[in-house]
Amino acid sequence: MRRKILFSTALSTLLIAGACGNETENGGTSDEDRPLQVYTTLFAWESLASEIGGEYVEVENIVPPGSDAHSYEPTAQTMIDISDSDAFIYNGAGIDGFAESVEETADGVKMIEVSENMTLQGGSQASSSNAAEEGEAVDASYDVPEDVNIEGTADHYHTGDDVILTAESEEEGHWHWYARNYEDDEWRTVPDSEGNDYTGKAAVNGQQIKAVLFDDNEEPLVQSASVEIVIDDHGDEDPHVWLDPLLALEGAEKITEEFSALMPEHKEAFAANLEKVTNKLEGLDEQFTTLSEEADKHQFLVSHSGYGYWNQRYGIEQIGITGISPNQEPSQRQLQYIIKLAEDNDLNHVMLEQNISTKVAEVVQDETNAEALTIHNMESVMEDEQDEDYFSIMQENITNLEAALNE
């Protein structure tokens with residue numbers, strides 16, 4: 001807290017100094033015909049805002065080329081630059097948490113939170129239905145000792161997280177796993193989980209899971225106490241809305257509205273530019289729909305879980321090697337589960353991103369003999385991509401995704 005106060009104090013001092021310097025340099029005058037000065041936190045919104053603003057708006061993304069928006073922190077000078085601008089476009093939903101500091105220090109700057117009022121999905125999406133609803137109902141109340149230890153239970157999960165458990169016992173036999181959604185619910189067998197390992201998805205808060213060891217005569221020997229799956233999404237939301245063309249359109253409409261309020265004399269020009277953007281975004285939506293309808297597969301391996309909206313919109317399901325933030329690396333057991341999932345579903349490609357470390361993804365690639373393809377999250381662009389825009393990059397994503405889903 002003390003560091004935050006010191007930083008805010010120092011930043012405020014710099015902002016005051018910067019403002020005074022600018023007033024002296026500009027003589028306190030402003031040019032009514034100058035373009036709007038706008039900063040953004042993501043390349044995708046920079047690109048779309050530039051198309052909407054045209055000649056009347058200058059847009060700059062503050063995240064440097066090749067950087068990760070999840071972990072980026074602006075410098076004091078960047079904060080000064082933003083405070084001297086007309087508008088600050090940020091995504092919201094947690095990916096650019098420093099926006100709160102901008103709002104506190106940049107007086108008079110129009111704050112545009114693009115994802116505000118959008119319908120956001122959770123930070124993780126379950127890729128399979130709940131095992132406790134799939135299995136056969138049974139009476140799993142066995143009168144045998146609870147001498148089985150269950151390893152691997154997390155303190156809490158997010159909705160859709162992998163649940164990977166291991167049963168351990170000194171006895172020998174074969175295992176059955178059971179699950180129930182609530183305390184008073186009936187136990188059900190867990191399909192395809194007869195070894196001492198359980199794999200599933202966190203789907204219901206309070207779900208209970210237990211393991212029972214049987215002998216060759218199908219008599220129970222020992223069992224575990226039930227373990228509880230605690231789900232705490234604590235407001236987690238998937239921030240990657242710009243990758244869904246129709247949510248990107250909602251964002252473009254919001255940006256157009258805000259530009260029109262700041263420059264009402266150019267409202268018609270902004271509206272005309274939005275119409276062009278709308279046509280291109282709706283064209284991308286049609287391409288994704290066709291891709292999904294014609295694809296041989298509907299799952300793809302990707303270096304981080306930033307593409308969940310494609311599953312929600314088009315039924316194209318990501319298998320993310322890292323979490324919603326690239327810093328959420330998988331455990332060894334989770335990595336083994338991902339590799340098995342890729343092998344079981346005959347996934348022959350790993351989609352690698354332009355600004356995310358490929359170290360963990362390359363482990364999966366090596367273990368599955370998968371071919372690497374590129375997918376672009378459009379948080380930032382690389383130095384050699386400065387001439388690209390939202391639509392050219394998304395077109396390349398569709399091309400590479402088509403290759404991954406059709407072999």
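- A salt bridge does not link R180 with E186: every distance from a Lys NZ or Arg NE/NH1/NH2 to an Asp or Glu carboxylate oxygen is 4.0 Å or more.
- For the 3.5 Å distance criterion, the side chains of D197 and T166 qualify, holding a donor opposite an acceptor.
- A ring-centre distance under 6.0 Å is not found for F288 and Y309.
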* Asked: Run the side chain to side chain donor-acceptor pair (under 3.5 Å) check on E146 and Q223 step by step: do they pass?
  -> CA-CA 5 Å; E146 291 185 350; Q223 64 182 333; 4.7 Å; no
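- Considering CD of E46 and CG of N61, their distance stands at 5.0 Å, rounded to 0.5 Å.
- Counting non-hydrogen atoms of other residues, nucleotides and ligands closer than 6.0 Å to CD of Q386 gives a total above 12.
- Side-chain atoms of S292 do not come within 3.5 Å of backbone N or O of T289 as any donor-acceptor pair.
- Closest approach of A252 and I52 over heavy atoms only: O-CD1, 3.4 Å.
- Inter-residue side-chain proximity for H176 and Y178 is flagged as met; some heavy-atom pair is nearer than 4.5 Å.
- Across every non-hydrogen atom of G152 and L165, the tightest pair is C-CD2, 3.8 Å.
- Under a 3.5 Å cut-off, the side chain of K210 and the backbone N or O of A140 do form a donor-acceptor pair.
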* Evaluate the side chain to side chain contact (heavy atoms under 4.5 Å, CB included) criterion for residues T368 and L347: first the C-alpha distance (whole Å), next the side-chain angles of each, then the deciding distance (0.1 Å), finally the verdict. => CA-CA 8 Å; T368 58; L347 304 182; over 6 Å; no
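- Across all their heavy atoms, N273 and G53 have their closest contact at ND2-C, 4.2 Å.
- Contact detail for I150 and A211: the closest heavy-atom pair is CD1-CB, 4.0 Å.
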* Asked: Do D296 and L405 pass the side chain to side chain contact (heavy atoms under 4.5 Å, CB included) test, and can you show the C-alpha distance, the side-chain angles, and the key distance before you say yes or no?
  -> CA-CA 6 Å; D296 297 331; L405 297 178; over 6 Å; no
* Check against side chain to side chain contact (heavy atoms under 4.5 Å, CB included), M351 and S303 -> CA-CA 6 Å; M351 312 293 282; S303 47; over 6 Å; no
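- In this structure, the side chain of N217 does not engage the main chain of E219 through any donor-acceptor pair within 3.5 Å.
- Classification of E51 and K280 as a salt-bridged pair holds, one side-chain N sitting under 4.0 Å from a carboxylate O.
- Residue K110 qualifies as open at atom NZ: its count of foreign heavy atoms under 6.0 Å is 12 or below.
- Two residues are said to be in side-chain contact when any heavy atoms from C-beta on lie closer than 4.5 Å; Y390 and M378 meet this criterion.
- Across E385, E353, E396, a single residue satisfies side chain to side chain donor-acceptor pair (under 3.5 Å) together with H376, and that is E385.
- How far CE of M118 is from CG of D244: 8.5 Å, rounded to the nearest 0.5 Å.
- For the 3.5 Å distance criterion, the side chains of D86 and Q37 fail to qualify, holding no donor opposite an acceptor.
- A donor and an acceptor atom, one from each side chain of N91 and W242, are nowhere located under 3.5 Å apart.
- Between the CG atom in L262 and the NZ atom in K267 there is a gap of 13.0 Å [rounded to 0.5 Å].
- Across all their heavy atoms, S47 and D389 have their closest contact at OG-CB, 3.4 Å.
- For the pair I255 and I89, the minimum side-chain heavy-atom distance is below 4.5 Å.
- When side chains are defined from C-beta on, V350 counts as touching L352, because their heavy atoms get closer than 4.5 Å.
- Taking 4.5 Å as the limit, every side-chain heavy atom of V57 sits out of range of all side-chain heavy atoms of P35.
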* For V109 and V102, what are the C-alpha separation, side-chain angles and deciding distance, and is it a side chain to side chain contact (heavy atoms under 4.5 Å, CB included)? -> CA-CA 9 Å; V109 177; V102 174; 5.8 Å; no
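- Surrounding CG of N279 are more than 12 heavy atoms belonging to other residues, nucleotides or ligands, all under 6.0 Å away.
- Side-chain contact between I62 and I82 is present, with at least one heavy-atom pair separated by less than 4.5 Å.
- Looking at L274 and E253, their side chains come closer than 4.5 Å, going by heavy atoms from C-beta outward.
- T78 and D81 are not linked by any side-chain donor-acceptor pair at a separation below 3.5 angstrom, with hydrogens and angles left out of the test.
- Counting non-hydrogen atoms of other residues, nucleotides and ligands closer than 6.0 Å to CG of D387 gives a total of 12 or fewer.
- The aromatic rings of W310 and Y307 sit tilted relative to each other, their planes meeting at an angle between 30° and 60°.
- When all heavy atoms are compared, the tightest approach of S380 to N377 is N-OD1, 4.5 Å.
- To the nearest 0.5 angstrom, L281 atom CG is 8.0 Å from M394 atom CE.
- Taking the six-membered ring where the residue is Trp, the centroids of Y39 and F88 are separated by 6.0 Å or more.
- Aromatic pair F259/Y56: ring centres not closer than 6.0 Å.
- The number of heavy-atom neighbours closer than 6.0 Å to CD of E218, taken from other residues, nucleotides and ligands shown, is above 12.
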* Yes or no on ring pair (Phe, Tyr, Trp, His ring centres under 6.0 Å) for Y72 and F98, after CA distance, side-chain angles and deciding distance? -> CA-CA 9 Å; Y72 171 76; F98 57 84; 5.7 Å; yes
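- If you look at W177 and Y198, their ring centroids are closer than 6.0 Å.
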* Given Q121 and D238, is the side chain to side chain donor-acceptor pair (under 3.5 Å) satisfied, shown in steps? -> CA-CA 6 Å; Q121 67 180 22; D238 186 345; 3.3 Å; yes
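- The CG atom of L221 sits 6.0 Å away from atom CD of E171, with the distance rounded to the nearest 0.5 Å.
- Side-chain contact between E379 and I95 is present, with heavy atoms from C-beta onward closer than 4.5 Å.
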